[in-house]
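A quick write-up on the structure given underneath.
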Amino acid sequence: MELYEDERLDYLFTDESMQIIQSPSVFSYSIDAVLLAHFSSLPKKRGKILDLCSGNGVVPLLMSRYTTRPIDGIEIQTKLHDMAMRSIRLNDKQDQIMMHLGDLKDLPDHYKNDKFDLVTVNPPYFDTASDAHHNLNEHLTIARHEVTTSLETVIETASKLTKSGGKMTMVHRPDRLVDIFLLMRQYKLEPKRMQLVYPKRDKEANIVLIEAMRDGKKALKTLPPFYVFNDEGTYTEEYLRLVY
């Protein structure tokens with residue numbers, strides 16, 4: 001597999017069964033993507049999956065390890081889309097994963113009445129109106145800040161593409177929880193499961209995982225907290241089980 005400029009190959013799993021193309025000049029995946037893939041209720045025998053804001057394809061690749069169902073991904077940045085396509089071919093997943101280049105808001109018109117059993121998304125986190133808060137690197141700005149999309153557009157699009165009774169799973173920041181819940185209710189996505197992720201036990205949560213059901217009934221289950229580091233600064237057993 002040909003690598004361009006400052007690209008590198010990283011292993012997705014410690015057994016070295018899968019690799020992914022990454023580059024420091026664009027947004028590389030982090031624990032958020034790993035948590036999202038493992039938190040999501042993946043269809044095993046029937047159904048299909050859509051991943052919004054796919055970046056270099058990490059979430060579809062991670063999920064493909066645990067399900068054989070077809071996965072579609074959408075990414076707006078050409079460079080990241082190209083990296084995702086090459087990583088999919090590198091892992092011989094082109095029969096399962098289909099990447100699309102474009103704006104996620106156009107997907108409802110593309111798929112029309114075709115709905116998904118699971119929609120996942122790791123969207124831009126920061127609602128920053130001022131350019132002063134953006135990164136000098138355009139790729140990082142688009143990945144982290146709501147400049148090409150918004151939280152409302154992400155949730156509205158996910159709602160339109162999730163079948164009734166299907167699941168939508170999102171990873172985000174806890175300080176956006178009120179906005180997330182209000183928008184999910186507005187677009188008929190009922191929050192059903194939530195888990196807060198903490199860097200350490202004495203720190204505030206910095207990640208939240210949310211699963212919602214399209215047209216679901218009101219009932220939110222809060223899972224036990226997930227800690228990344230022990231007090232000694234070493235990884236927790238639950239983190240090691242998840243990642244390794």
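Computation of the quantities below employed the complete heavy-atom set of this structure, encompassing side-chain atoms and omitting hydrogens, waters and symmetry-equivalent molecules.
- Annotation: the span from K221 atom NZ to Q195 atom CD amounts to 10.5 Å, rounded to 0.5 Å.
- Contact record, C53 with L104: SG-CD2, 3.6 Å, taken as the closest heavy-atom pair.
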Worksheet entry | Derivation of the salt bridge (Lys or Arg N to Asp or Glu O under 4.0 Å) call for D117 and K163 | CA-CA 6 Å; D117 298 80; K163 75 176 187 181; 2.5 Å; yes

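- A distance of 5.0 Å separates CD1 of I88 from CD1 of I97, quoted to the nearest 0.5 Å.
- Atom NZ of K192 is surrounded by more than 12 heavy atoms from other residues, nucleotides or ligands within 6.0 Å.
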Fill in: Worked verdict on D95 versus K93 for salt bridge (Lys or Arg N to Asp or Glu O under 4.0 Å)
CA-CA 5 Å; D95 290 337; K93 294 287 185 177; over 6 Å; no

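- Within 6.0 Å of CZ in R201 there are 12 or fewer heavy atoms belonging to other residues, nucleotides or ligands.
- When all heavy atoms of S17 and N91 are compared, the closest pair comes out as O-OD1, 4.2 Å.
- Annotation: salt bridge (Lys or Arg N to Asp or Glu O under 4.0 Å) contacts of E16 (sequence neighbours excluded): none.
- Between V26 and N56, the closest side-chain pair of non-hydrogen atoms is not below 4.5 Å.
- The backbone N or O of G47 sits less than 3.5 Å from a side-chain atom of R69, completing a donor-acceptor pair.
- Within the 3.5 Å criterion, the main-chain N or O of T67 finds a donor-acceptor partner in the side chain of Q96.
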Would you be so kind as to tabulate the donor-acceptor pairs closer than 3.5 Å made by side chains of residues 208-217, with sequence neighbours excluded?
unit_1 : atom_1 : unit_2 : atom_2 : d
E211   : OE1    : R193   : NE     : 3.1
E211   : OE2    : S41    : OG     : 2.7
E211   : OE2    : R193   : NH2    : 3.1
R214   : NE     : S159   : O      : 3.0
R214   : NE     : S159   : OG     : 3.2
D215   : OD2    : S164   : OG     : 2.9

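- Of the charged side-chain nitrogens involved, at least one lies within less than 4.0 Å of a carboxylate oxygen, so that E190 and R185 count as a salt-bridged pair.
- Y111 has its side chain within reach of D72: a pair of non-hydrogen atoms, C-beta onward, lies under 4.5 Å apart.
- In this structure, Y66 and F13 have perpendicular ring planes: the angle between them is above 60°, well past the 30° mark.
- Summarising the geometry of L101 relative to I74, their closest heavy-atom pair is C-CD1, 4.1 Å, with the distance given to 0.1 Å.
- The ring-ring contact (aromatic ring centres under 6.0 Å, His included) analysis of residues 179-224, with sequence neighbours excluded, yields the pairs Y198-Y227.
- Heavy atoms from other residues, nucleotides or ligands lying under 6.0 Å from CE of M18 number more than 12.
- More than 12 non-hydrogen atoms from other residues, nucleotides or ligands lie less than 6.0 angstrom from NZ of K115.
- Within 6.0 Å of atom NZ in K203, 12 or fewer heavy atoms from other residues, nucleotides or ligands are found, so the atom counts as exposed in its surroundings.
- Note that NE2 of H172 and CG of L36 are 12.0 Å apart. Values are rounded to the nearest 0.5 Å.
- In this structure a side-chain-to-backbone donor-acceptor pair under 3.5 Å is present from T162 to A158.
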Item to complete: Check step by step if side-chain contact (heavy atoms from CB on, under 4.5 Å) holds for Y4 and D82.
Response: CA-CA 11 Å; Y4 305 139; D82 178 66; 3.7 Å; yes

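- Between D32 atom CG and S30 atom OG the span is 3.5 Å, to the nearest 0.5 Å.
- The two residues M170 and M168 come nearest to each other via the heavy atoms CE-CE, 3.6 Å.
- Remark: the backbone N or O of G57 is not paired with any side-chain donor or acceptor of S54 at under 3.5 angstrom.
- K79 has a carboxylate O that lies under 4.0 Å from a charged side-chain N of E5, or vice versa, which qualifies the two as a salt bridge.
- In terms of heavy atoms, M83 sits closest to S23 at CE-N, 3.8 Å.
- Once rounded to the nearest 0.5 Å, the distance linking CD1 of I20 with CD of E7 reads 11.0 Å.
- R46 meets the side chain to side chain contact (heavy atoms under 4.5 Å, CB included) test with no other residue; sequence neighbours excluded.
- Listed for the T157 side chain is a donor-acceptor partner under 3.5 Å among the backbone atoms of T153.
- V178 belongs to a hydrophobic cluster whose remaining members, ordered by chain and number, are L182; membership requires side-chain heavy atoms of ILVMFWY residues under 4.5 Å apart, directly or through intermediates.
- For the residue pair N230 / T236, no side-chain donor-acceptor distance below 3.5 Å is found, with atom types taken as modelled.
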Discussion item. Under the criterion side-chain contact (heavy atoms from CB on, under 4.5 Å), I'd like the reasoning laid out for I21 against D10: C-alpha separation, chi angles, the key distance, then a yes or no.
Written reply: CA-CA 6 Å; I21 299 171; D10 290 341; over 6 Å; no

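- In this structure, S64 and I71 approach most closely via the heavy-atom pair N-CD1, 4.0 Å.
- Residue pairs meeting the ring-ring contact (aromatic ring centres under 6.0 Å, His included) criterion with at least one partner in residues 69-107, sequence neighbours excluded, are H100-H110.
- D114 and K48 are joined by a salt bridge, as a carboxylate oxygen and a charged side-chain nitrogen come within less than 4.0 angstrom of each other.
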Practice prompt. Determine, stepwise, if the pair L9 / L90 fulfils side-chain contact (heavy atoms from CB on, under 4.5 Å).
Written response: CA-CA 10 Å; L9 280 177; L90 175 67; 3.5 Å; yes

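- Two residues are said to be in side-chain contact when any heavy atoms from C-beta on lie closer than 4.5 Å; L242 and F226 meet this criterion.
- For the atom pair OG1 (T120) and CG (L62), the distance works out to 10.5 Å, reported to the nearest 0.5 Å.
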Item to complete: List the steps and the verdict of side-chain contact (heavy atoms from CB on, under 4.5 Å) for V58 and L12.
Response: CA-CA 8 Å; V58 59; L12 274 174; 3.9 Å; yes

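- Between the side chain of D106 and the backbone N or O of G102 there is no donor-acceptor pair closer than 3.5 Å.
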Fill in: Pair R86-E2, salt bridge (Lys or Arg N to Asp or Glu O under 4.0 Å): steps then yes or no
CA-CA 9 Å; R86 285 182 284 132; E2 183 179 2; over 6 Å; no

